[in-house]
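Have a look at the structure below, then the notes.
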Amino acid sequence: MRRIVVDTERCQKVAAVIDGLRSATPKGFRPKPVGREEDLFFTYIITGICHQINWNFLMTALERARASWPEKLTPAYMERLTHEELCGWLSGYSKPWRLESRFRRAELVRGMCQLLLDKYGGSTANLIDSAQRKLGGEQGLYARLAKCKAYSEDPLRKKTSVLAELITR
């Protein structure tokens with residue numbers, strides 16, 4: 001069996017180089033902070049409907065909607081969201097066929113909001129907190145989000161993993 005030896009000096013040199021590095025994420029990558037609940041809900045929705053649509057476009061379009069109609073980006077309102085209204089928010093997308101009703105984005109949003117309203121008092125923070133920092137297991141985030149189509153139809157659980165990564169930042 002081969003023995004692994006850590007080169008401490010080399011690790012310190014690498015640490016000195018990467019310590020000063022900062023992420024060069026695109027401007028539209030993260031939503032502007034509004035408040036814990038609003039930001040969690042925003043991230044929950046975007047992650048749930050991001051399939052086959054450009055992430056930066058989706059973030060920017062929903063940021064615009066949130067700035068224009070903050071009262072509409074709530075579980076109570078979005079539980080009744082129509083395909084037409086969602087497409088209006090996402091107008092201008094370079095691949096409009098990806099907004100077609102067959103992708104069921106509005107239906108997915110309604111299901112995500114129903115889950116929040118029925119099980120978590122309409123609060124994304126309650127949903128996240130109820131998982132008690134666990135992804136797996138009967139009470140973890142994977143199991144909780146599997147109760148809505150937006151997340152359950154993702155067999156590799158990529159959406160839940162991305163959501164978990166984003167909320168830990």
Quiz item: Which atom names give the shortest non-hydrogen contact between Met78 and Leu73, and what distance separates them?
Solution: SD-CA, 3.8 Å

Quiz item: So, for Leu86 and Ala106, which heavy atoms are closest and what is the spacing to 0.1 Å?
Solution: CD2-N, 3.6 Å

Exercise. Check the angle between the aromatic planes of Phe57 and Tyr93 and answer parallel, tilted or perpendicular using the 30° and 60° thresholds.
Key: tilted

Quiz item: Would you call the rings of Tyr151 and Tyr44 parallel, tilted or perpendicular if under 30° counts as parallel and over 60° as perpendicular?
Solution: parallel

How far does [atom1] of [X] sit from [atom2] of [Y], to the nearest 0.5 angstrom?
X	Y	atom1	atom2	answer
Cys50	Leu108	SG	CG	10.5 Å
Phe103	Gln52	CZ	CD	4.5 Å
Gln132	Leu141	CD	CG	12.0 Å
Arg64	Trp69	CZ	CH2	8.5 Å
Leu58	Leu90	CG	CG	6.0 Å
Asp154	Lys159	CG	NZ	6.0 Å

Practice problem: Output, in order, the C-alpha distance, side-chain angles, deciding distance and verdict of side chain to side chain contact (heavy atoms under 4.5 Å, CB included) for Phe41 and Ile46. | Solution: CA-CA 9 Å; Phe41 179 68; Ile46 287 175; over 6 Å; no

Quiz prompt | Ionic contact status for Asp129 with Lys134, cut-off 4.0 Å | solution = no

Practice problem: State plainly whether the residues Lys72 and Glu85 are in salt-bridge range, i.e. N to O under 4.0 Å. | Solution: yes

Quiz prompt | Tyr142 side chain to Ser161 side chain, donor-acceptor N/O pair below 3.5 angstrom | solution = yes

Quiz item: For Ser123 and Glu37, does a side-chain donor sit closer than 3.5 Å to a side-chain acceptor?
Solution: yes

Self-check item: Side-chain donor/acceptor of Ser68 to backbone N/O of Ala65, under 3.5 Å
Solution: no

Quiz item: Does the pair Leu99 and Ile53 meet the rule for a side chain to side chain contact (heavy atoms under 4.5 Å, CB included), with working shown?
Solution: CA-CA 8 Å; Leu99 301 179; Ile53 191 167; 3.5 Å; yes

Quiz item: Which residue pairs satisfy the salt bridge (Lys or Arg N to Asp or Glu O under 4.0 Å) criterion with at least one member in residues 96-110, sequence neighbours excluded?
Solution: Glu100-Arg102, Arg104-Glu107, Arg104-Glu153, Glu107-Lys149

Would you mind writing out the side-chain donor-acceptor pairs for residues 111-122 within the sub-3.5 Å range, not counting sequence neighbours?
from: Tyr120; atom 1: OH; to: Arg144; atom 2: NH1; distance (Å): 3.0

